[in-house]
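Residue numbers begin at 1 in each chain, while the letters A, B, ... track the order of the sequences.
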Amino acid sequence: MNSAEAVSVLTELNRVYPHTREDMNFLKFENPFQILIMTILSAQTTDVTINGLRDELFSRYPDPQALAGADLREVERIIHPAGFYHTKARNIVGTARCLCERFGGEVPQTIAELVTLPGVGRKTANIVTNHAFGVADGVAVDTHVGRLSQRIGFSENMDPNKIEQDLMRLFPREWWGEINFLLISHGRAVCTAKRPACERCVIRDCCGAGCKDRAD
DNA sequence: ATCCCGAGGG
DNA sequence: CCCTCTGGAT
């Protein structure tokens, strides 16, 4: 698939899912520190659950300095509903310490720096660069983006890193921040892993998979 | 029962 | 590649 075709596919998805970014409402109206922490906590959880923690968490720990000195058990209690609370508590306090010790109390702006923080992988780092700084430093390839990229024909590779390279080559930089949200929205609503609803897929005409990998 | 808008570790 | 970490929604 060439770049023009690929962009037209994303344009169509953007028409169908116009506010996919706003749907991640836990990311709204936050400073970079809070966006980073909320994104770490959001793994394997819903934004509704995460939003319920925000007020208590950030009224107690409004900045990296406060969170760096937090009592782990107190943090665990606050974030408990989000699941993985033991790991996540260690990660967000550890991240706060790293921000203070290595980044002057600021959130770094590159993926390369962000992924050195505990609990921050490429997915989280990409969301943070996008939402906190409006920077597209890459494309986060998670299971949804990988699966759809292969089905649609954006990439023929399996390795997430190679898929990311293909996507960056295929799409102009201004799309990089949107790819994740559009493909995830479409992946959840229509192009699911097991039984994709191709009959109501708006991009089925330009999809390379053509329902071949339907499980039924 | 199953799935999540992950990351880290072996 | 595999496994583990957890709660909540459906």
Side-chain angles (χ1 to χ4, degrees), chain A residues 10 13-14 16-28 30 34-54 56-57 72-73 75-99 108 111-132 136-151 157-164 167 175-197 215-216:
Chain A
L10 274 200
L13 290 181
N14 194 43
V16 179
Y17 310 106
H19 43 254
T20 160
R21 180 182 292 253
E22 288 74 11
D23 285 346
M24 291 185 83
N25 53 14
F26 66 84
L27 294 173
K28 287 197 296 192
E30 306 287 356
Q34 295 186 0
I35 290 176
L36 172 60
I37 299 304
M38 292 293 276
T39 308
I40 294 174
L41 293 179
S42 74
Q44 297 294 102
T45 316
T46 65
D47 56 338
V48 179
T49 304
I50 293 299
N51 276 324
L53 315 172
R54 164 198 275 144
E56 185 174 7
L57 185 63
L72 266 184
R73 281 169 308 183
V75 175
E76 286 182 5
R77 182 187 66 72
I78 296 173
I79 69 173
H80 187 267
F84 301 116
Y85 59 89
H86 196 68
T87 305
K88 287 175 178 175
R90 256 192 293 112
N91 284 341
I92 64 175
V93 172
T95 283
R97 288 188 180 141
C98 287
L99 295 183
I111 288 181
E113 291 171 307
L114 283 164
V115 294
T116 68
L117 301 168
V120 180
R122 293 194 57 78
K123 173 73 182 301
T124 301
N126 190 272
I127 288 175
V128 170
T129 56
N130 268 296
H131 288 265
D137 198 25
V139 179
V141 178
D142 56 21
T143 54
H144 291 284
V145 175
R147 184 178 75 251
L148 295 222
S149 294
Q150 287 167 355
R151 285 183 179 171
N157 288 302
M158 295 291 198
D159 175 17
N161 291 311
K162 292 193 173 188
I163 294 175
E164 178 177 18
L167 292 173
W175 277 104
W176 292 0
E178 226 55 51
I179 292 172
N180 196 256
F181 300 98
L182 293 174
L183 293 194
I184 286 173
S185 294
H186 191 242
R188 299 201 67 182
V190 177
C191 196
T192 52
K194 290 205 170 165
R195 207 176 172 287
D216 56 346

Test item: A:N130 side-chain N/O and A:N126 main-chain N/O as donor-acceptor pair under 3.5 Å: yes
Closest to side chain of A:P81, choosing from B:dG6, C:dC5, C:dG7: C:dG7
Rounded interatomic separation in angstrom, taking CD1 from A:I92 and P from C:dT6: 14 Å
Sugar-phosphate, base or nothing in reach of A:T143, heavy atoms under 4.0 Å: nothing
Whole angstrom value for the distance that separates C1' of B:dG6 from CZ of A:R147: 15 Å
Atom pair distance, as rounded to whole Å: CG in A:N51 and P in C:dG7: 20 Å
A:K123 NZ - B:dG6 C1' separation (whole Å): 7 Å
Between C1' of C:dG8 and CD1 of A:I50, the distance in whole Å: 11 Å
Whole-Å distance separating the CG atom of A:L41 from the P atom of B:dA7: 12 Å
Salt-bridge present (A:E76, A:K88; N to O < 4.0 Å): no
Length of the line joining A:R77:CZ and C:dG7:P, which is rounded to integer Å: 15 Å
Sugar-phosphate only, base, or nothing, as touched by A:L117 at under 4.0 Å among non-hydrogen atoms: sugar-phosphate
Touch class at under 4.0 angstrom, heavy-atom based, for A:Y85 against every strand present: sugar-phosphate
Closest listed nucleotide, where the reference is the side chain of A:T49 and the choices are B:dA7, C:dG8, C:dT6: C:dG8
A:H80 side-chain N/O to C:dT6 phosphate OP1/OP2 under 4.0 Å: no
Under 3.5 Å donor-acceptor, A:T49 side chain and A:T45 backbone: no
Test item: A:K123 side-chain N/O and A:D142 main-chain N/O as donor-acceptor pair under 3.5 Å: no
Any donor-acceptor N/O pair, A:T95 side chain to A:L117 backbone, under 3.5 Å: no
N/O (side chain, A:T124) to phosphate O (OP1/OP2, B:dA7) under 4.0 Å: yes
For atom CZ of A:R90 and atom C1' of B:dA7, their distance in whole Å: 11 Å
